[in-house]
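To keep things clear, I will list the structure first and then write my remarks on it.
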Amino acid sequence: MRLDDLKNSRMITVVVVYLSLFLDNVLLTVVVPIIPDYLCTLDANTTASGEEDENGRVGLLLSSKALVQLILNPAVGTLTGTLGYAKPLLLGNLSLLLAALLFAFGQTYEIPSEQQTTWRHLLSNPHILIISGAIWCSTSPMAILEPCLPIWLRTHIKPKKWQLGTVFIPDSVGYLIGTNFFGMIAYHYGRSKVAILAMFVVGISAIFIPSANTMSQLIFPHLGMGLGIGVADAALVPLLASLVDRNGNYGPVYSIQQVAVSLAYSLGPIMGGEMVKAIGFPWVMRVVGIVNMAYCPLLIYLTLERRKLLANKEEKKDYDTFQKTITPYERFHDEDL
C-alpha cells in the first residue's frame, strides 16, 4: 500500500470513529435533559407522588443504557477480535439510527400492543415495501459514488484538486430541480409513472458515469443522477403518504422512508467498496444502474394495482350512490323478485 493511501485510510478511520462517537454523545446529551419534561407532558401528572414516580421512571430509563452497555461491551470486544472493527461499527451505527427513530416517534413510556399492529400492517403491505425499495435503490448509486468516485477519478482522470471538489455540484443542482419542480408534475401525470421514468434516468446515468474520460463529460451523467433521485423522491414520498391517507398516521410510514434512505447511505459505501475490489468501479456502477432499471417493472406492477384499487373504489362509490337513489317501494319490489 502506498504512503498516500495509508494516510487516507487512517484519516477515513479517524473521521468515521469520531463521527460515531460524536453522534452517540449528541443523541445522549440532547435526549437526557428533555426526558423528565417529556414524560411529564405525556402523563400530564403534576402531583407530588407523581413527581416521585417520575424520578424512578427516568432513572430506570437512563440506567437501561448503561446496563445494556455493561452487558454488551465485553461481547462486542470479543466480536471485534474475530470479525474486525467495521461490522460491529456498522451495527452500532444502525442501532443509533433505530434508537433515534424510536425516540422521535415514541408517544408513551411503555411500548403500546396497537403500535405494533400498525407497524406489522405497514410492513406487510407490498405497496409500501415496493416504494421503500425504490427509494433505497434510487438513493444507493449516490451513496456508492460518494466514497468510490473520488478514488476512481484520481486513478483514471487525475483531476485538479478544485475540479475534484466540484464533481458533485451537478448532482446537487439536479436534485434541487427534481425535488422543487417535479412534485406537481408527478401529481398531474401519475406519481408511479414519473417514479419509473426517474429510476430509469438514475440507472442510465449510473451506467454512463464510468464512460467519462474528462471531468466535463461527468457533468451530464451527474446532473441526470441528481435529477433522477430528486424526481424519484418528489414522486415516491407523497405516494408513500397516500397509502395511509385514510387514517392519517404518517409518522411510521415516513420513518420507513427514512430507514430506506439511511440503509442506502450506511450499506452503500461498504458494499460499494467491497464490490469495487472484486469487479472494479465501472462494473459496480453498471450493476447499480441495471438494478435501478430492473426495479421499474415492480413500479409498473404498483401502478396497475393502484388502478385496480381506484377502479374498485369508483364502482363501489357508484353502487352506493345508486342504492341511495332507490325509493323504498323500488327496493321492496327488487326483493320481491
Side-chain angles (χ1 to χ4, degrees), residues 8 12 15 133-183 185-186 193-237 257-258 260-277 279-296 299:
N8 289 332
I12 291 171
V15 169
I135 293 171
W136 178 75
C137 275
S138 61
T139 309
S140 291
M142 184 57 63
I144 292 173
L145 272 179
E146 286 180 352
C148 297
L149 181 66
I151 298 172
W152 181 78
L153 289 176
R154 287 174 55 196
T155 306
H156 291 80
I157 298 181
K158 299 179 181 176
K160 298 177 181 177
K161 287 186 178 180
W162 69 267
Q163 290 177 314
L164 198 61
T166 61
V167 69
F168 288 110
I169 290 179
D171 302 86
S172 301
V173 172
Y175 187 82
L176 184 68
I177 294 171
T179 51
N180 283 280
F181 297 104
F182 280 83
I185 294 174
K193 296 177 187 175
V194 172
I196 291 168
L197 181 62
M199 291 194 70
F200 195 81
V201 170
V202 171
I204 290 292
S205 301
I207 290 172
F208 273 99
I209 282 176
S211 303
N213 295 315
T214 63
M215 292 297 292
S216 59
Q217 290 177 4
L218 284 171
I219 293 175
F220 286 106
H222 273 274
L223 182 66
M225 180 169 290
L227 180 65
I229 296 173
V231 173
D233 285 351
L236 292 171
V237 175
Q257 178 256 335
Q258 284 299 310
V261 174
S262 300
L263 279 176
Y265 276 104
S266 59
L267 297 179
I270 295 175
M271 293 173 59
E274 294 300 319
M275 289 173 66
V276 166
K277 291 180 184 177
I279 59 177
F281 176 77
W283 271 108
V284 169
M285 296 313 299
R286 289 169 193 150
V287 168
V288 170
I290 291 170
V291 167
N292 270 269
M293 291 188 289
Y295 202 92
C296 291
L299 290 177

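Every value quoted in this text rests on a predicted model; they were computed, and no experiment measured them.
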Which pair of heavy atoms, one from Pro210 and one from Met285, lies closest together, and at what distance?
-> CG-CB, 3.6 Å

Single hit among Pro141, Ser140, Cys137 for side chain to side chain contact (heavy atoms under 4.5 Å, CB included) with Val202 = Pro141

Which distance, rounded to the nearest 0.5 Å, do you find between the CG of Leu197 and the CZ of Phe182?
-> 8.5 Å

Under 4.5 Å between any side-chain heavy atoms of Phe208 and Gln217, yes or no?
-> no

Partners of Asp171 by side-chain hydrogen bond (donor to acceptor under 3.5 Å, both in side chains), sequence neighbours excluded?
-> His222

Atom CD1 in Ile204, atom CG in Asn292: separation rounded to 0.5 Å?
-> 10.5 Å

Nearest-0.5 Å distance, CZ of residue Phe220 to CE of residue Met225 = 15.5 Å

Considering only heavy atoms from C-beta outward, does the side chain of Leu153 approach that of Met215 to under 4.5 Å?
-> yes

Set of residues satisfying side-chain hydrogen bond (donor to acceptor under 3.5 Å, both in side chains) with respect to Trp152, sequence neighbours excluded | His156

Answer whether the closest heavy-atom distance between the side chains of Tyr175 and Asp233 falls below 4.5 Å.
-> yes

From Ser262 atom OG to Trp136 atom CH2, the distance as rounded to the nearest 0.5 Å | 13.5 Å

CA sep, side-chain torsions, deciding dist, call: Phe181, Leu176, side-chain contact (heavy atoms from CB on, under 4.5 Å) = CA-CA 8 Å; Phe181 297 104; Leu176 184 68; over 6 Å; no

